[in-house]
Amino acid sequence: MADDVLDTPTQPEPGANNFPDPALFAPKPGAKKRHKRAPHAPKADISINSLLDILSVILMFLLKSYTSSSVVLKQSKDLVPPFSASTIAAEDSTAVTITMKDILLQDKPIVQLENGKVTDRDTSHAGMLIEPLFSALQDEVQHQRKIEARNPKSPFKGIVTIIADRNVPSPAIVKVMYTAGLAEYGKFKFLLVKLERG
Amino acid sequence: MGFSPTSKRHYEVDEPELNLNPMMDLFGVLIPALLMMSAAVEVSVINVAAPSIGPSTNADQKPPEHPPLNLTVVISETGYSLSLMGQMAADFPVAERPILCSRYRGTRPTPRARNLDRPICQKSEGRMKKQFLTYDNKGLTNKLVEVKDEFPDERRIIIQPGPEVEYETIVDVMDAARDVKTAKGEIRSLFDEVVMSPGPPGG
């Protein structure tokens with residue numbers, strides 16, 4: 001009778017410790033030892049101060065070069081100015097851009113062109129004066145005169161820089177010059193892509 | 001007289017670090033934006049005058065000692081015509097010449113209307129020379145050197161482009177007339193005061 005009791009599997013007695021066998025958590029033979037995590041390893045911060053210095057210098061350089069060029073040539077398929085070996089630098093002036101599609105004053109479209117030609121409905125004075133451009137230039141002159149009255153250091157110079165596509169026919173250029181001349185602009189400059197002399 | 005124990009105690013105060021990441025982000029936006037806005041190509045200008053209209057405002061101005069030279073280049077689709085004092089001086093017709101494609105990538109040299117039957121200069125053909133009908137810019141410069149030798153004080157040239165003439169041709173004439181590189185490598189100024197006036201109707 002006593003032997004029967006010993007052979008039967010031991011059942012946990014009610015109220016006894018119900019935890020699993022600690023031997024289950026023992027490392028298996030041949031298993032790699034788990035590394036302990038380093039206690040609070042210092043976080044490696046990358047010092048970006050020197051990078052910031054470099055970027056500041058680049059930014060200043062870009063800002064300087066951007067502000068020094070008063071007339072900016074914007075890259076576009078519709079606007080490819082011709083090359084020239086001229087070495088005269090552009091100066092602060094009113095920019096009139098002529099493409100095969102339109103005429104722009106300070107980057108604002110003023111007149112639509114038909115394949116580089118000014119239509120008759122936009123012209124007067126025997127087709128020489130471009131009316132919408134004339135009124136826009138007059139507004140620009142008034143605006144610059146107001147600036148001149150408040151700040152004598154920036155006088156109205158009466159210079160217009162013509163930025164034209166290389167395919168524009170000559171009458172459009174001549175008409176723009178005529179119109180600008182009547183709107184108090186007496187000096188003209190053609191903006192071109194600088195070509196190194198061979 | 002001793003210090004109280006608390007006054008000897010040193011505390012390590014961590015200096016607060018500036019968070020520069022927002023500034024880096026700002027720079028990361030500003031620099032590409034400025035790079036895009038800045039001109040990638042170098043530009044220059046040519047000063048041009050328009051013909052004056054009406055009587056001279058300066059009544060005290062003395063009449064010139066010599067009659068005006070009125071050096072004029074008339075541009076048409078057929079070529080250049082040079083005149084002096086109203087008299088025809090020389091003609092420079094358009095002719096077939098080998099042209100370096102680097103200036104005309106994706107297009108043809110001027111006069112384009114007369115070169116429509118020829119293949120355009122491809123973007124990959126920058127250093128290639130192709131045959132096109134073109135203006136005689138060298139011939140014009142050589143003739144203007146002779147005129148300058150004869151009239152060294154004269155600086156003005158009048159350019160009269162015909163209605164079919166492209167802007168690029170006008171600029172080519174201005175370049176041909178402005179100066180010339182001598183055999184010694186020096187730049188000799190020719191006619192740098194350009195007056196542009198409407199050409200004869202119909203070229």
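Residue numbering restarts at 1 for every chain, and letters A, B, ... go by the order of the sequence lines.
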Of the backbone (N, CA, C, O) and the side chain (C-beta and beyond), which part of [X] lies under 4.5 Å from a heavy atom of chain A, both, or neither?
| X | value |
| --- | --- |
| B/V48 | both |
| B/N47 | both |
| B/I31 | both |

How close do [X] and [Y] get, counting heavy atoms only, and between which atoms?
| X | Y | value |
| --- | --- | --- |
| B/A49 | A/M177 | O-CE, 4.0 Å |
| B/R178 | A/A85 | NH2-C, 3.4 Å |
| B/R103 | A/L195 | CD-CD2, 4.4 Å |
| B/G162 | A/S170 | O-OG, 2.6 Å |
| B/V171 | A/F83 | CG1-O, 3.6 Å |
| A/R166 | B/R105 | NH2-O, 3.7 Å |

After noting the C-alpha distance and the side-chain angles of B/F27 and A/L51, does the key distance pass the side chain to side chain contact (heavy atoms under 4.5 Å, CB included) rule? CA-CA 11 Å; B/F27 278 23; A/L51 185 62; over 6 Å; no
Determine which pairs satisfy salt bridge (charged side-chain N to carboxylate O under 4.0 Å, His left out) with at least one residue from residues 131-153 of chain B, sequence neighbours left out, and list them in order. B/R97-B/D136, B/K143-B/E146, B/D149-B/R188
Interatomic spacing from [atom1] in [X] to [atom2] in [Y] - rounded to 0.5 Å:
| X | Y | atom1 | atom2 | answer |
| --- | --- | --- | --- | --- |
| B/L30 | A/L62 | CG | CG | 9.5 Å |
| A/L192 | B/I46 | CG | CD1 | 5.0 Å |
| B/D192 | A/I88 | CG | CD1 | 7.5 Å |
| A/L52 | B/L26 | CG | CG | 10.0 Å |
| B/M196 | A/I173 | CE | CD1 | 6.0 Å |

Choice from [options] maximising heavy atom contacts with chain B below 4.5 Å:
| options | answer |
| --- | --- |
| A/P81, A/S56, A/S84, A/P171 | A/S84 |
| A/A164, A/G186, A/P169 | A/A164 |
| A/I58, A/I98, A/L59 | A/L59 |

Answer whether the closest heavy-atom distance between the side chains of A/F188 and B/V194 falls below 4.5 Å. no
Quick check on A/A89 against chain B: is it the side chain, the backbone, both or neither that has a heavy atom closer than 4.5 Å? backbone
So does B/V45 get a backbone contact from the side chain of A/S86, meaning a donor-acceptor N/O pair under 3.5 Å? yes
Just wondering, more than 12 heavy atoms not from A/K101 lying within 6.0 Å of its NZ? no
